[in-house]
Amino acid sequence: MILRTHYSGDITPEKAGIEVTLAGWAHEIRDLGGIAFLVLRDREGFAQITLLKKRVDPKVLETVRSISRESVVQVRGTVKAEPKAPRGFEVLPSDVKILSAAEAPLPLDPTEKVDCELDTRLDARFMDIRRPCILAGFEIESAVLRSLRECFYKNGITEVFTPKIVAAATEGGTDLFPISYFEREAFLNQSPQLYKQMLMGAGMDKVFEIGPIFRAEEHDTRRHLNEAISIDVEISFADDKDVMELLEGAVSGAYKYVSENCTRQLGVLGLDLQVPKVPFRRITYTEALELAKGRPGVEMKWGDDLDRETEKFLGETIGEHYFLTDWPSSIKPYYTLPYEDKPEVCRGFDLMHPRMELASGAQRVHDYKLLVERIKEKCLDPAGFEFYLKAFRYGMPSHSGWGLGLSRLVMTMLNLENIRDAVIFPRDRRRLVP
RNA sequence: GUCCGGAUAGUGUAGUGGCCUAUCAUGAAAGCCUGUCGAGCUUUCGACCCGGGUCCGAAUCCCGGUCCGGGCGCCA
């Protein structure tokens, strides 16, 4: 049996006279002597419970006076329209129960009268999320996921799961976390890339996966984590331009969905969300280098990966979402398809927000011989890729896809300073708990 | 990994060698108060990251450690 009849958000002054049962947390108790107020908080907001000493049952008043902040309480009472109350109503209680008393002192202050550092907040994340502005962010993240899934379903894309425990660090590059797998060593997967490509060979035609990826990199910045949620898509018989269109539609669609369906949460965050217009600007890698020449400082050579300074400069110059396309083949992974007439340039692209990279994708190499060649060029051993390469020998359609970082999408959408703010229980270089 | 900065009540802070028996806010405890909405007022409680050193004297200076923040690198 559900212990509440209404959320705070369900009550309005027009509901005056009805009996309600609310359940939530004791946000604040203000005892003025002859009158006392209990502010009850649930996920939708606040409701004021008013106790007039002369009119309320003395036992109820005594209970309320004994409530410690952040205890879980259940309140049964009658709604009364009251212009003096916040939101124009208050609840006159007939019964108040303490379901779970909170200890004091609290590890942080959910009423936000005192600031709190990120580290302290993450140590007591369960209490941090009781703060409406934090909760609102995660509710918006859920809405983003819902919007993305709907976009994928609408496009006839099948949701799949690929293994997170894998045999070997075959992709090269990124460091993987080794784990013990019975009598063998295994690794946590850094990306579903190889698996989604194999599913193209399987004839699944269009797949998406939303799941965790693990990277054992030492990176220690406000935009990197060692465990992240990746939104991966792979489409057969599509080229890089096709999947870029899908990507920009998915991203701007998520903004639109949030702006239309999360008005309360955006209000809590004080955000006026601007939906980015499609199509996003396309800039080739070579054009980006040209643009970056207009700034003082270190000059980039063609073939260098863009450094952080250049990335920031481009973001400031362009000022909105954009695609970086036509990268040098040498700095993109082996599965990225080079242009036939100009093999030093490839069909890889990055989706950029002015603050950082959000996604990267490409048209993939689907020709077995070329793929083996490319693997060798990257100084990797094709033998280690046999489970993957096998799928390319028995009929592999051309295909393209991308991977999008969920937390980076949410972080840039909500203008959060630190990616840790966009993850409920983040995993970084140092944090393994909670 | 590297460079720079930091660590003071539960939380957030002030304090650059003696005036620190350590500031302020929030909180907790007790009391007063009939319209609070960061309520107000009175009283009380609660802290210098760890180890070594310099000095008559260290929260403050030096060395080492641990932890934290920021920049960069790394990031298929």
Side-chain angles (χ1 to χ4, degrees), chain A residues 27-39 41 46-56 61 65-66 68-70 80 82-88 90 102-124 127-128 131 166 169-176 187 189-194 197 213-226 228 230 232 298 305-312 331-336 348 350 356-357 360-362 364 374-375 378-380 385 388 403 405 408 417-418 420 428-431:
Chain A
H27 187 69
E28 279 186 291
I29 298 119
R30 279 190 284 271
D31 185 355
L32 278 66
I35 187 167
F37 303 97
L38 163 66
V39 179
R41 186 190 67 242
F46 303 100
Q48 175 169 290
I49 317 301
T50 302
L51 299 95
L52 287 152
K53 192 180 182 177
K54 286 182 186 159
R55 294 179 47 192
V56 79
L61 186 62
R65 284 183 167 156
S66 74
S68 56
R69 292 164 74 226
E70 293 305 315
K80 183 190 165 206
E82 174 54 71
K84 280 180 283 191
R87 300 181 51 219
E90 60 193 13
E103 282 182 19
L106 302 169
L108 54 83
D109 173 21
T111 64
E112 299 178 324
K113 286 174 204 158
V114 182
D115 284 345
C116 200
E117 289 190 352
L118 181 61
D119 199 49
T120 307
R121 290 173 40 211
L122 293 176
D123 281 339
M127 189 157 288
D128 186 44
R131 296 159 64 206
V166 296
T170 46
E171 261 192 76
T174 290
D175 288 324
L176 281 82
F187 299 90
N189 208 178
Q190 67 185 97
S191 154
Q193 181 60 33
L194 305 188
Q197 287 192 262
I213 55 170
F214 305 91
R215 297 185 181 187
E217 297 294 337
E218 295 280 352
H219 43 47
D220 190 7
T221 76
R222 291 190 287 177
R223 55 190 190 286
H224 290 277
L225 288 172
N226 296 289
S230 177
D232 268 89
V298 194
D305 204 351
L306 300 185
D307 62 19
R308 187 66 192 130
E309 202 185 327
T310 306
E311 194 177 292
K312 278 192 212 161
I331 52 174
K332 282 289 174 188
Y334 58 82
Y335 49 75
T336 311
D350 284 0
M356 69 190 83
E357 178 188 331
S360 70
R364 324 295 191 185
R374 291 276 295 148
I375 288 171
K378 297 282 178 184
C379 299
L380 297 165
F385 295 81
Y388 164 69
R408 286 188 173 192
E417 288 294 312
N418 195 312
R420 291 160 184 80
D428 62 29
R429 181 71 184 83
R430 301 187 200 94
R431 184 172 286 277

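Quick note on labels: first sequence line is chain A, next is B, and so on, each numbered from 1. The shown structure was predicted, so the numbers you read here are calculated from the model rather than taken from an experiment.
- One N or O on the side chain of A:R87 and one on the backbone of A:F46 form a donor-acceptor pair closer than 3.5 Å.
- Residue A:K53 is classed as having no contact, given no heavy-atom separation below 4.0 Å to the nucleic acid.
- If you take atom P in B:G52 and the same atom in B:G57, they sit 16 Å apart, rounded to whole Å.
- The nucleotide B:U34 finds no pairing partner, because no Watson-Crick or G-U wobble arrangement with both distances shorter than 3.5 Å includes it.
- Annotation: of the two residues near RNA chain B, A:T111 and A:L306, the 5′-most nearest-nucleotide partner is A:T111.
- For the pair A:K80 and B:G35, the criterion of a side-chain N or O lying under 4.0 Å from OP1 or OP2 is not met.
- Nucleotides of RNA chain B nearest to A:I35 and A:E218 differ in position, and the one nearer the 5' end is that of A:E218.
- Comparing B:A28, B:C72, B:C68 by their closest approach to the side chain of A:D119 singles out B:C68.
- Spacing between atom CZ of A:R308 and atom P of B:C72 amounts to 5 Å, rounded to whole angstrom units.
- The distance from atom CG of A:D115 to atom C1' of B:G10 is 15 Å, rounded to the nearest whole Å.
- If you check B:C61 for Watson-Crick or wobble pairing at under 3.5 angstrom, you find it paired to B:G53.
- Base pairing analysis places B:A9 opposite nothing; no Watson-Crick or G-U wobble pair with both distances below 3.5 Å involves it.
- Nucleotides B:C63 and B:G70, compared at atom P, are 25 Å apart to the nearest Å.
- A:D220 comes within 4.0 angstrom of a nucleotide base, judged by non-hydrogen atoms across all strands.
- Distance A:E417 CD to B:G69 P: 14 Å, rounded to the nearest Å.
- The base-pairing partner of B:G73, taking Watson-Crick or G-U wobble contacts with both distances under 3.5 Å, does not exist among the strands shown.
- A close approach under 4.0 Å does occur between a side-chain nitrogen or oxygen of A:R430 and OP1 or OP2 of B:C68.
- Remark: side-chain polar atoms of A:S68 are not paired, donor with acceptor, to backbone N or O of A:E103 under 3.5 angstrom.
- Salt bridge present: A:R429 and A:E218 bring a charged side-chain N and a carboxylate O closer than 4.0 Å.
- Phosphate contact (OP1/OP2 of B:G1, side-chain N/O of A:R429, threshold under 4.0 Å): present.
- Ring geometry for A:H219 against A:H224 counts as parallel: the plane angle stays under 30°, on a 0 to 90° scale with 60° as the upper cut.
- Protein atom CG of A:D175 is 17 Å distant from nucleotide atom P of B:G73, rounded to whole Å.
- Listed pair A:T221 / B:C72 fails the phosphate criterion, with no side-chain N or O lying under 4.0 Å from OP1 or OP2.
- In the set B:C72, B:G35, B:G27, the nucleotide with an atom closest to the side chain of A:T50 is B:G35.
- To the nearest angstrom, C1' of B:C33 lies 13 Å from NZ of A:K54.
- With distances taken from any side-chain atom of A:E117 to the nucleotides B:A39, B:G12, B:A28, the minimum falls on B:G12.
- Separating the CG atom of A:L61 from the C1' atom of B:U34 is a distance of 12 Å, rounded to the nearest angstrom.
- With both ends at atom P, the span from B:G17 to B:A7 equals 16 Å, rounded to whole Å.
- Here the side chain of A:K312 is nearest to one of B:C37, B:C72, B:C75, namely B:C72.
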Q: Report the C-alpha distance between A:Y335 and A:Y388 in whole Å, list the side-chain angles of each, state the deciding distance to 0.1 Å, and finish with yes or no for ring-ring contact (aromatic ring centres under 6.0 Å, His included).
A: CA-CA 11 Å; A:Y335 49 75; A:Y388 164 69; 7.6 Å; no
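- Summarising the geometry, the separation between CD1 on A:I331 and P on B:C75 is reported as 11 Å, rounded to the nearest angstrom.
- Across all strands shown, A:E28 has heavy atoms under 4.0 Å from sugar-phosphate atoms exclusively, and none from any base.
- Residue A:R30 places none of its side-chain N or O atoms closer than 4.0 Å to OP1 or OP2 of B:C33.
- B:C62 and B:C75: their P atoms are spaced 37 Å apart (whole Å).
- Residue-level contact check: A:P107 touches the backbone only, with heavy atoms under 4.0 Å from sugar-phosphate atoms and none from bases.
- Of the C1' atoms belonging to B:A47 and B:G10, the separation is 10 Å, rounded to the nearest Å.
- B:G69 and B:U34 have their P atoms separated by 48 Å, given to the nearest Å.
- Minimum atom distance to the side chain of A:V114 is reached by B:G12, of the listed B:G12, B:G35, B:C75.
- Summarising the base pairing, B:G27 is matched to B:C45 through a Watson-Crick or G-U wobble pair whose two defining distances lie under 3.5 Å.
- Of the candidates B:G12, B:A28, B:G35, the closest approach to any side-chain atom of A:E90 belongs to B:G35.
- Looking at heavy-atom distances under 4.0 Å, A:A36 makes no contact with the nucleic acid at all.
- Between the side chain of A:H224 and the base of B:C75, at least one donor-acceptor pair of N or O atoms lies under 3.5 Å.
- Comparing B:C49 with B:C37, their P atoms are spaced 36 Å from each other, to the whole Å.
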Q | From CA spacing to verdict: salt bridge (Lys or Arg N to Asp or Glu O under 4.0 Å), A:K312, A:E309 | A | CA-CA 5 Å; A:K312 278 192 212 161; A:E309 202 185 327; over 6 Å; no
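- At the heavy-atom level, A:L108 lies nowhere under 4.0 Å from the strands shown.
- For A:H219, taking side-chain heavy atoms from C-beta onward, the closest of the listed nucleotides B:C75, B:G71, B:C33 is B:C75.
- Rounded to a whole angstrom, the distance from the P atom of B:G40 to that of B:G35 is 14 Å.
- In this structure, the separation between CG on A:L118 and CZ on A:R431 is 7.5 Å, given to the nearest 0.5 Å.
- Comment: A:D31 does not engage A:K53 in a salt bridge, judged by the lack of any side-chain N to carboxylate O separation of less than 4.0 angstrom.
- Protein atom CG of A:L38 is 16 Å distant from nucleotide atom C1' of B:A39, rounded to whole Å.
- In this structure, A:N418 does not reach the B:G69 phosphate: none of its side-chain N or O atoms is under 4.0 Å from OP1 or OP2.
- At a cut-off of 3.5 angstrom, counting only N and O atoms as typed in the model, there is no donor on one side facing an acceptor on the other between the side-chain of A:K113 and the base of B:U11.
- Note on A:R420 versus A:D119: no salt bridge recorded, every NZ/NE/NH1/NH2 to OD/OE distance being 4.0 Å or above.
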